[in-house]
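Below is one structure, written out as structure tokens; comments come after it.
Read the numbers this way: they start at 1 and go in the same order the structure lists the ligands and their atoms.
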Amino acid sequence: MTDTDVPGNYGPNGRILDGPGPRSIILDCDPGHDDAFAIMLARGSPGIDLRAITTVAGNQTLEKVTRNARAVATICGITGVPIAAGAAAPLVRPLRVAADIHGASGMDGPALPAPTVPLDPRHGVDVIVETVRSQPAGSITLVPTGPLTNIALAARLAPDIVGRVREVVLMGGGYGGGNVTAAAEFNILADPEAAHIVFGAAWPVTMVGLDVTHQALATPEIAARIADLGTAPAAFAVELLEFFGRMYSAAQGFAAPPVHDPCAVALVADPAVVALRPAHVEIERTGTHTTGMTVTDFIGRGGVALDHRVGVELNRDLFWDMMIAAIAAISEG
Ligand code: PIR
Ligand code: CA
């Protein structure tokens, strides 16, 4: 610890266990309907200080998801937060997009305004590295809600940040099955080599996977509560849910769409939102039918260290109260 470090309770590795005030995060995303909700929660929640938005190819091409991130920022009046484009393709594999769920634009449904918020000219990975280095050690939490390409690149480009990041709280994976294949969730399957790097690095990693996010279903009652806010960002959110719900119904038979990505943000803002268990997660990279699987060991077979944390249950009421309060708060901005 140095005198530039922030106050708080420090763990054995010098990381803050429960420092005061809002948690500073970098949101690394691929908007994406549910990524848009993650941006709104990160901006509107009193428990979060959003320091940067970086984008990564995933739900759609880098160009499209970056445009979408800036459109969300424009609708929500998010200024003063750097938005920077990161990796345009996974580390090893060809780009795989999710047009079946997110449409041709990556965020189909609502009309998207021409962005008025600027694009930061820096590479997204540089923004991650520079933001982490510019803040006290142990203060920045990385919240990836797309493929882990940028986060892996940052760890390799600047290994010093691995020891400075407070923790990585990611939406991806799951222990109870996938959504693209029987075994694999999209964000991990899109770039399993990056996921392997991120889970294997010496920073704390928390996985908020499908086991949690499939509990975050935006039912008609939830959509009605958002609509009742009566603001432009609320109307935008409702339109996102209408399209996302139709696609989820057609593609996966869901009665209501799961908004995956804000679950990770919500956990950072308030640990009561997601129940966690210690585990060890390995990323399958060579399986015939299991590539992209997050092989999750809750027991520590063979003496393996339970060095990750895995989300197992969502507090739905708390989650939606936080999400709706955040949309209401950004509407006033
Ligand atoms: C959601 C996603 C990709 C594919 C499908 N079928 C559904 C996106 C979401 O943005 C979320 O981050 C994650 N990937 C869920 O798999
Ligand atoms: Ca996403």
Would you say the ring centers of His102 and Phe244 fall short of 6.0 Å from each other? yes
Once the angle between the rings of His33 and Phe243 is folded into 0 to 90°, is it parallel (under 30°), tilted (30 to 60°) or perpendicular (over 60°)? parallel
Nearest-neighbour protein heavy atom for atom 6 (N) of ligand 1, which is reported as residue plus atom name and distance: Ile101 CG1, 3.2 Å
Under 3.0 Å from the Ca ion (ligand 2) - does any N, O or S atom of Asp35 fall there? yes
Give me the residue, atom name and distance of the protein heavy atom closest to atom 2 (C) of ligand 1. His102 NE2, 3.4 Å
What verdict does the side-chain contact (heavy atoms from CB on, under 4.5 Å) test give for Trp320 and Thr219, after you've listed the backbone C-alpha separation in whole Å, the side-chain angles of each residue and the deciding distance to 0.1 Å? CA-CA 11 Å; Trp320 286 114; Thr219 61; over 6 Å; no
Please list, in number order, the atoms of ligand 1 under 4.0 Å from a heavy atom of Glu185. 13 (C), 14 (N), 15 (C), 16 (O)
Report the part of Phe244 in contact with ligand 1, treating N, CA, C, O as backbone and CB onward as side chain, heavy atoms under 4.0 Å; options are side chain, backbone, both, neither. neither
The atom of Asp30 among N, O or S that is nearest the Ca ion (ligand 2) is OD1
Residue, atom and distance of the protein heavy atom nearest atom 7 (C) of ligand 1 read Tyr248 OH, 3.2 Å
Name, closest N/O/S atom of Asp261 to the Ca ion (ligand 2): OD2
State whether the number of non-hydrogen atoms from other residues, nucleotides or ligands found under 6.0 Å of His196 atom NE2 is greater than 12. no
Hey, which atoms in ligand 1 end up nearer than 4.0 Å to a heavy atom of Met171? 11 (C), 12 (O), 13 (C), 15 (C)
Return the closest protein heavy atom for atom 12 (O) of ligand 1 as residue, atom name and distance. Asp261 OD1, 2.6 Å
How close does the nearest protein non-hydrogen atom get to atom 10 (O) of ligand 1, and which residue and atom is it? Asp34 OD1, 2.6 Å
If we number the atoms of ligand 1 from 1 as shown, the ones under 4.0 Å from a heavy atom of Ala98 are 3 (C), 4 (C)
Which atoms from ligand 1 have a heavy atom of Asn187 less than 4.0 Å away? 11 (C), 12 (O), 13 (C), 14 (N)
Determine, step by step, whether Arg23 and Thr141 satisfy the side chain to side chain donor-acceptor pair (under 3.5 Å) criterion, reporting the C-alpha distance in whole Å, the side-chain angles of both residues, the deciding distance to 0.1 Å, and the verdict. CA-CA 7 Å; Arg23 296 272 302 266; Thr141 294; 2.9 Å; yes
N/O/S of Thr145 less than 3.0 Å from the Ca ion (ligand 2)? yes
If you look at every heavy atom in Ala36 and Val72, which pair is closest and at what distance? CB-CG2, 3.8 Å
Give the ring-plane orientation class for His308 versus His280, where under 30° counts as parallel, over 60° as perpendicular and anything between as tilted. parallel
Can you check whether Glu193 reaches Asp191 side chain to side chain, under 4.5 Å on heavy atoms? yes
In a check of side-chain contact (heavy atoms from CB on, under 4.5 Å) between Asp261 and each of Ile39, Leu27, Thr213, Asp35, which one passes? Asp35
Region of Asn59 that comes within reach of ligand 1 [heavy atoms, distance under 4.0 Å]: side chain
Nearest atoms (heavy-atom pairs only) where Ile330 meets Pro233: CD1-CB, 4.2 Å
Tell me whether ligand 1 is touched by Gln252 - counting only heavy atoms on the residue side and a distance under 4.0 Å. yes
Backbone or side chain, does any N or O of Asn179 fall under 3.5 Å from an N or O of ligand 1? yes
Looking only at heavy atoms, is any part of Asp35 under 4.0 Å from ligand 1, and if so is it the side chain, the backbone, or both, or is it neither? side chain
Can you establish whether the number of heavy atoms outside Gln252 located under 6.0 Å from its atom CD is more than 12? yes
